[in-house]
Amino acid sequence: MELKVKGSKQYRMKVVPHKPFSGVFTAVGVTLWVLVTAAGSYFAGQYQLRKSLDEKTLQHSKVLEHLAALKGENEVLRMRATTAEQSLAIGDKASEAVRAELVQKENQIAELKQEISFYRGVMAPADGGEGVSIGRFILSQTADARMYQYKLQVQQSAARRNVVRGSATFTVVGRQDGQLKRYPLKALSEQVDSESIALRFKYFQNIEGELRLPEGFVPEGVELLLKSTGRKGFNIEQRYGWLVQKS
């Protein structure tokens, strides 16, 4: 409806329906939308967090299983290594025992050979000279690694009755600093004061004592030289390897 009054400014008016609860519903709707959105975000976050935790838990379980498997393999390998080391140690000990027994047997054989040679020399005349020969020569290890005992026996055939007079020269041969080196017994033993040892016997003579090897010297053998002072005497040269018996 419009009212017009002559001589005044006219305004256009419109009738609008009155809705007193419209603003309230709008505010409630916005609030609900915010709550629903927040709840959705919360539950979505919880789902993702739970999913991530489940994945991490599964990975952790797999890592623990792998670690347990590695520990088991490591224990097996450790036992194998221990067994191998024990077998190697036993093998080394067995080898060392065999070597020691072999050296002992070789020493016994050498000693028996010398005894046979001694008895042969005593009972049967030797060719030429006065029937003089070297019956035994033995080297023995002492507690000191550089100290050795030596035993030399010079003999005459039982068929001979003359007194043997002469001298024996004892020389140790080896290497020092890679060079060939020769030491007379006098240089190695305080018990010997001469280059040669006097011989005087009818049947046999024992010569024994101790000698000390110089530092850095590696012995290879012993050279023995027996000489007679008589006209129709003897001149015997003999070389022995450095075969040592354990005392």
Side-chain angles (χ1 to χ4, degrees), residues 103 105-142 146-214 216-247:
V103 171
K105 296 299 183 184
E106 288 178 349
N107 290 336
Q108 290 177 353
I109 292 172
E111 187 174 356
L112 289 173
K113 285 182 177 179
Q114 291 186 11
E115 288 186 2
I116 292 172
S117 176
F118 168 73
Y119 289 116
R120 281 179 178 174
V122 171
M123 300 307 296
D127 294 334
E130 299 181 22
V132 176
S133 62
I134 298 174
R136 297 177 186 175
F137 177 71
I138 300 173
L139 287 169
S140 301
Q141 178 74 63
T142 66
R146 308 299 299 177
M147 183 75 74
Y148 296 86
Q149 292 180 341
Y150 63 89
K151 294 180 180 180
L152 170 63
Q153 187 176 76
V154 184
Q155 65 194 22
Q156 179 180 220
S157 169
R160 305 287 181 172
R161 293 290 184 266
N162 298 328
V163 175
V164 175
R165 292 180 176 85
S167 63
T169 304
F170 186 123
T171 306
V172 179
V173 182
R175 294 192 176 271
Q176 193 163 21
D177 299 327
Q179 301 296 323
L180 183 64
K181 188 72 174 179
R182 304 163 68 90
Y183 283 101
L185 184 60
K186 178 184 177 182
L188 305 177
S189 177
E190 297 178 353
Q191 301 165 336
V192 179
D193 55 6
S194 176
E195 292 289 338
S196 60
I197 302 171
L199 297 178
R200 189 179 186 281
F201 63 93
K202 189 172 183 180
Y203 297 107
F204 63 88
Q205 180 176 340
N206 290 323
I207 302 170
E208 56 185 77
E210 292 183 339
L211 62 87
R212 177 183 293 276
L213 298 180
F217 178 73
V218 180
E220 294 179 355
V222 174
E223 293 179 350
L224 297 177
L225 175 60
L226 307 183
K227 287 185 177 182
S228 172
T229 56
R231 292 182 181 179
K232 297 180 180 180
F234 52 88
N235 192 346
I236 301 172
E237 295 183 15
Q238 183 69 46
R239 168 132 188 197
Y240 295 90
W242 192 262
L243 186 60
V244 178
Q245 297 181 358
K246 291 185 178 181
S247 57

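Each residue takes its place number in the sequence, starting with 1. Atoms considered below: every heavy atom in the structure, side chains included; atoms not considered: hydrogens, waters and symmetry mates.
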Is a side-chain N or O of [X] found less than 3.5 angstrom from the main chain of [Y], in a donor-acceptor match?
X: Thr229; Y: Arg165; answer: yes
X: Gln156; Y: Asn162; answer: yes
X: Arg146; Y: Pro214; answer: yes
X: Gln155; Y: Gln205; answer: no
X: Ser133; Y: Gly135; answer: no
X: Glu220; Y: Trp242; answer: no
X: Glu190; Y: Glu210; answer: no

TODO: Consider only side-chain N and O atoms of Glu223 and Thr171, and report whether a donor and an acceptor are under 3.5 Å apart.
DONE: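 There is no such pair (donor and acceptor under 3.5 Å, judged by atom type) between the side chains of Glu223 and Thr171.
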
TODO: State, without any angle test, whether Gln176 and Tyr183 hold a side-chain donor-acceptor pair at a distance under 3.5 Å.
DONE: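 Yes.
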
Within this structure, what is the [atom1]-[atom2] distance for the pair [X] and [Y], rounded to the nearest 0.5 Å?
X: Arg200; Y: Ser167; atom1: CZ; atom2: OG; result: 15.0 Å
X: Leu152; Y: Asn206; atom1: CG; atom2: CG; result: 8.5 Å
X: Leu139; Y: Gln149; atom1: CG; atom2: CD; result: 10.0 Å
X: Leu211; Y: Gln191; atom1: CG; atom2: CD; result: 9.0 Å
X: Phe170; Y: Lys186; atom1: CZ; atom2: NZ; result: 16.0 Å
X: Ser196; Y: Leu225; atom1: OG; atom2: CG; result: 9.5 Å

Open item on the list: Within the 4.5 Å heavy-atom criterion, are Leu213 and Pro219 side-chain neighbours or not?
Closed with: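 Yes, close enough: below the 4.5 Å cut-off.
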
Task: Heavy-atom check, side chain of Val244 versus side chain of Gln141, under 4.5 Å - done: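 Answer yes - side chains close enough.
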
Open item on the list: Holding to ring pair (Phe, Tyr, Trp, His ring centres under 6.0 Å), I want the full list of residues that pass it with Phe201, two or more places apart in sequence or in another chain.
Closed with: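 Testing Phe201 for ring pair (Phe, Tyr, Trp, His ring centres under 6.0 Å), a comparison that skips the adjacent residues, returns none.
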
Task: Step-by-step side-chain contact (heavy atoms from CB on, under 4.5 Å) determination, Gln238 to Val222 - done: CA-CA 8 Å; Gln238 183 69 46; Val222 174; over 6 Å; no

TODO: Assess whether side-chain contact (heavy atoms from CB on, under 4.5 Å) is satisfied between Ile134 and Leu226, documenting all intermediate values.
DONE: CA-CA 9 Å; Ile134 298 174; Leu226 307 183; 3.5 Å; yes

- [ ] Measure across Ser194 and Val192 and return the closest heavy-atom pair with its distance rounded to 0.1 Å.
- [x]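 Between these two residues, the closest heavy atoms are O-CG1, 3.2 Å.
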
Task: Test log, rule side-chain contact (heavy atoms from CB on, under 4.5 Å), inputs Leu199 and Ile207 - done: CA-CA 9 Å; Leu199 297 178; Ile207 302 170; 3.7 Å; yes

Task: Close aromatic pair by centroid cut-off 6.0 Å: Phe137 and Tyr150 - done: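 Between Phe137 and Tyr150, the centre distance exceeds or equals 6.0 Å.
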
Task: Residue pair Leu224, Thr169: steps toward the side-chain contact (heavy atoms from CB on, under 4.5 Å) verdict - done: CA-CA 6 Å; Leu224 297 177; Thr169 304; over 6 Å; no

